[in-house]
Novice: 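Dropping the structure in here first, questions after.
Whatever order the structure lists them in is the order used to number ligands and atoms, beginning at 1. Atom set for the values below is all heavy atoms of this structure, side chains included, hydrogens, waters and symmetry mates excluded.
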Amino acid sequence: MVKKGLIVAFSMFALVSIGFASGDKSISEEELGLRKTSIHDESNVKPVEFSYSKDAPGTSKRIERAYMNAPPMIPHSVDGLLPITRENNQCLSCHMPEVAKSMGATPIPPSHFINFRPDTKMKDGKVIKEGKVVGEDIKNTSDIKLAKVKKLNGLYQGRFNCSQCHAPQANVKPLVENSFTPDFKDDKLKGKSNLVDVINEGVDIE
Ligand code: HEC
Ligand code: HEC
């Protein structure tokens with residue numbers, strides 16, 4: 001009778017040998033890239049056909065958030081809305097909190113009305129935060145701890161370019177599947193954010 005341990009040892013040997021055998025097979029240049037075509041010649045490369053959502057704002061279906069407090073992706077068409085400039089931002093005409101409800105749109109959240117960056121200056125090797133010297137011989141202002149949160153009267157202009165974080169979505173199949181599954185603390189957060197309430201979670205502010 002063959003002992004169990006021996007069978008395991010033998011199968012492991014077999015697996016290792018198969019591993020080595022397949023390791024010998026070289027990969028051709030056509031197989032190498034995601035395009036599956038020669039990496040030296042682009043003349044026959046055609047981009048995959050795709051289209052963005054054509055549903056007008058008000059007729060599209062919201063997309064589940066990628067993870068808790070992820071920026072929601074834009075479910076509706078952005079035809080005629082881009083590019084966004086500081087002077088001309090049509091997103092605001094439907095998403096500013098005072099109008100959003102009547103438009104059926106999600107209001108821009110409180111986090112976008114706050115400047116989280118510390119008001120910090122460097123002078124003669126000293127770091128001055130909100131008028132006070134908070135450090136000497138500091139090389140880099142990013143070493144300084146978190147800002148005091150300042151609520152602004154209007155949208156924080158560091159956020160004016162909405163599509164920097166919120167992107168319209170196209171109907172393409174990803175070339176590499178993403179197997180990430182998000183974990184939401186609360187099912188409600190699949191469709192809304194609460195970043196401002198939890199912004200200091202796990203942060204030790206002096
Ligand atoms: C004409 C009004 C209107 C304009 C302009 C508009 N939106 Fe919307 N937006 C909506 C509505 C309404 C929804 C909800 C989905 C729907 O009903 O189509 C929505 C949904 C969204 C969502 C998803 C929110 C969520 O809860 O998942 C994002 C993000 C968004 N819009 C961003 C933008 C950006 C960025 C712009 C500017 C490029 C913009 N929207 C311009 C009306 C508008
Ligand atoms: C720097 C990245 C960034 C920019 C720029 C930005 N957002 Fe967001 N947005 C986020 C993130 C992250 C969230 C989710 C967490 C939160 O509430 O801040 C969010 C959430 C939202 C939501 C969902 C609110 C909710 O209650 O669930 C809306 C609507 C939205 N943003 C609209 C906008 C619009 C309109 C602009 C342009 C004026 C904009 N955002 C600019 C990152 C950004």
Novice: Quick one: look at T59 and ligand 1, take heavy-atom pairs under 4.0 Å, and tell me if it's side chain, backbone, both or neither.
Specialist: backbone
Novice: Can you tell me the protein heavy atom closest to atom 25 (C) of ligand 2 and the distance?
Specialist: S193 OG, 3.2 Å
Novice: With heavy atoms under 4.0 Å as the rule, classify the contact between K61 and ligand 1 as side chain, backbone, both or neither.
Specialist: neither
Novice: Give the numbers and elements of all ligand 1 atoms closer than 4.0 Å to a heavy atom of Q90.
Specialist: 5 (C)
Novice: Any heavy atom of P75 sitting closer than 4.0 Å to ligand 1?
Specialist: yes
Novice: Closer than 4.0 Å to some heavy atom of K192 - which atoms of ligand 2 meet that?
Specialist: 27 (O)
Novice: If two hydrophobic side chains count as joined below 4.5 Å and joins carry through other members, does I84 share a cluster with L81?
Specialist: yes
Novice: Just jot down the ligand 2 atoms closer than 4.0 angstrom to any heavy atom of L195, in number order.
Specialist: 15 (C), 16 (C), 17 (O), 18 (O)
Novice: For ligand 2, is there an atom lying under 4.0 Å from some heavy atom of L92?
Specialist: yes
Novice: What protein heavy atom sits nearest atom 43 (C) of ligand 2, and how far off is it?
Specialist: R159 NH1, 3.3 Å
Novice: Measure the shortest side-chain to side-chain distance between I114 and Y156 over non-hydrogen atoms and say whether it is less than 4.5 angstrom.
Specialist: no
Novice: Tell me: protein heavy atom nearest atom 13 (C) of ligand 1, and distance?
Specialist: A105 CA, 4.0 Å
Novice: Measure the shortest side-chain to side-chain distance between T106 and P72 over non-hydrogen atoms and say whether it is less than 4.5 angstrom.
Specialist: no
Novice: Any N or O of S60 that comes nearer than 3.5 Å to an N or O of ligand 1?
Specialist: yes
Novice: Identify, by atom number and element, the atoms of ligand 1 in contact range of C94, meaning under 4.0 Å from any of its heavy atoms.
Specialist: 1 (C), 2 (C), 3 (C), 4 (C), 5 (C), 42 (C), 43 (C)
Novice: Please determine if G58 has a nitrogen or oxygen closer than 3.5 Å to a nitrogen or oxygen of ligand 1.
Specialist: yes
Novice: Return the residue, atom name and 0.1 Å-rounded distance of the protein heavy atom closest to atom 28 (C) of ligand 2.
Specialist: P109 CD, 3.7 Å
Novice: Suppose I only count heavy atoms of C165 and a 4.0 Å limit; which atoms of ligand 2 are within that range?
Specialist: 1 (C), 2 (C), 3 (C), 4 (C), 5 (C), 42 (C), 43 (C)
Novice: Which atoms of ligand 2 sit under 4.0 Å from any heavy atom of N161?
Specialist: 5 (C)
Novice: Flag yes if F160 and I74 sit in one hydrophobic cluster, no otherwise; membership is Ile, Leu, Val, Met, Phe, Trp, Tyr, and two members link when side-chain heavy atoms are under 4.5 Å apart.
Specialist: yes
Novice: Any side-chain donor-acceptor pair under 3.5 Å between Q90 and S93?
Specialist: no
Novice: Nearest non-hydrogen contact with atom 23 (C) of ligand 2 belongs to which option: C162, S111, P72?
Specialist: P72
Novice: Starting from V198, can I reach L189 by hopping between I/L/V/M/F/W/Y residues whose side chains sit under 4.5 Å apart?
Specialist: no
Novice: Considering heavy atoms of the protein only, find what lies nearest to atom 32 (C) of ligand 2 and give residue, atom and distance to 0.1 Å.
Specialist: H166 NE2, 3.8 Å
Novice: Which ligand 2 atoms, with their elements, are less than 4.0 angstrom from a heavy-atom of I108?
Specialist: 35 (C)
Novice: Can you find a pair of side-chain heavy atoms, one from N44 and one from T37, that are under 4.5 Å apart?
Specialist: no
Novice: Would you name the heavy atoms of E31 and K36 that are closest together and state the gap between them?
Specialist: O-NZ, 2.9 Å
Novice: Could you list the atoms of ligand 2 found under 4.0 angstrom from a heavy atom of N69?
Specialist: 12 (C), 14 (C), 15 (C)
Novice: For atom 12 (C) of ligand 1, which candidate among A167, G104, S163 holds the nearest heavy atom?
Specialist: G104
Novice: Do I39 and V45 sit in one hydrophobic cluster, given that two such residues count as connected whenever their side-chain heavy atoms are within less than 4.5 Å of each other, even indirectly?
Specialist: no
Novice: Hey, what's the ring geometry for H95 with H76, parallel, tilted or perpendicular (30° and 60° as the breaks)?
Specialist: parallel
Novice: So with a 6.0 Å cut-off around CD of E98, is the heavy-atom count from everything else above 12?
Specialist: yes
Novice: Can you list the ligand 1 atoms lying under 4.0 Å from a non-hydrogen atom of I74?
Specialist: 32 (C), 34 (C), 35 (C)
Novice: Which pair of heavy atoms, one from N69 and one from L195, lies closest together, and at what distance?
Specialist: OD1-N, 3.3 Å
Novice: Would you say D186 has more than 12 foreign heavy atoms packed within less than 6.0 Å of its CG?
Specialist: yes
Novice: Is there a side-chain contact between R159 and S111 (heavy atoms, below 4.5 Å)?
Specialist: yes
Novice: Quick one: closest heavy-atom pair of F184 and Y67, and the distance?
Specialist: CE2-C, 3.5 Å
Novice: Ignoring angles and geometry beyond distance, decide whether N194 reaches within less than 3.5 Å of ligand 2 through its nitrogen or oxygen atoms.
Specialist: no
Novice: Near atom 8 (Fe) of ligand 1, is there an N/O/S atom from C91 that is less than 2.8 Å away?
Specialist: no
Novice: Restricting to non-hydrogen atoms, name the atom on C94 and the atom on M103 that form the minimum distance, rounded to 0.1 Å.
Specialist: SG-CE, 3.6 Å
Novice: Please confirm whether A70 approaches ligand 2 to less than 4.0 Å, judged on its heavy atoms.
Specialist: yes
Novice: Looking at atom 8 (Fe) of ligand 2, which N/O/S atom of H112 is the nearest one?
Specialist: NE2
Novice: Flag yes if more than 12 heavy atoms outside Q157 fall under 6.0 Å of its CD atom; otherwise flag no.
Specialist: yes
Novice: Classify the contact between L155 and ligand 2 as side chain, backbone, both or neither, using a heavy-atom distance cut-off of under 4.0 Å.
Specialist: side chain
Novice: Does L152 share a hydrophobic cluster with F116, counting links as ILVMFWY side-chain heavy atoms below 4.5 Å and allowing steps through other members?
Specialist: no
Novice: What atoms of ligand 1 come closer than 4.0 angstrom to any heavy atom of M103?
Specialist: 12 (C)
Novice: Kindly identify the option in R65, H76, E64 whose heavy atom sits closest to atom 39 (C) of ligand 1.
Specialist: H76
Novice: Is it true that A100 lies under 4.0 Å from ligand 2, counting heavy atoms only?
Specialist: no
Novice: Is it the side chain, the backbone, both or neither of P107 that has a heavy atom closer than 4.0 Å to ligand 2?
Specialist: backbone
Novice: Where is the nearest protein heavy atom to atom 42 (C) of ligand 1: which residue, which atom, and how far?
Specialist: P57 CB, 3.5 Å
Novice: Evaluate whether atom CZ of F180 has more than 12 neighbouring non-hydrogen atoms of other residues, nucleotides or ligands under 6.0 angstrom away.
Specialist: yes
Novice: Say whether T106, considering both its backbone and side-chain N or O atoms, lies within less than 3.5 Å of an N or O atom on ligand 2.
Specialist: no
Novice: Which option, Q164, H95, R62, owns the non-hydrogen atom nearest atom 30 (C) of ligand 1?
Specialist: H95
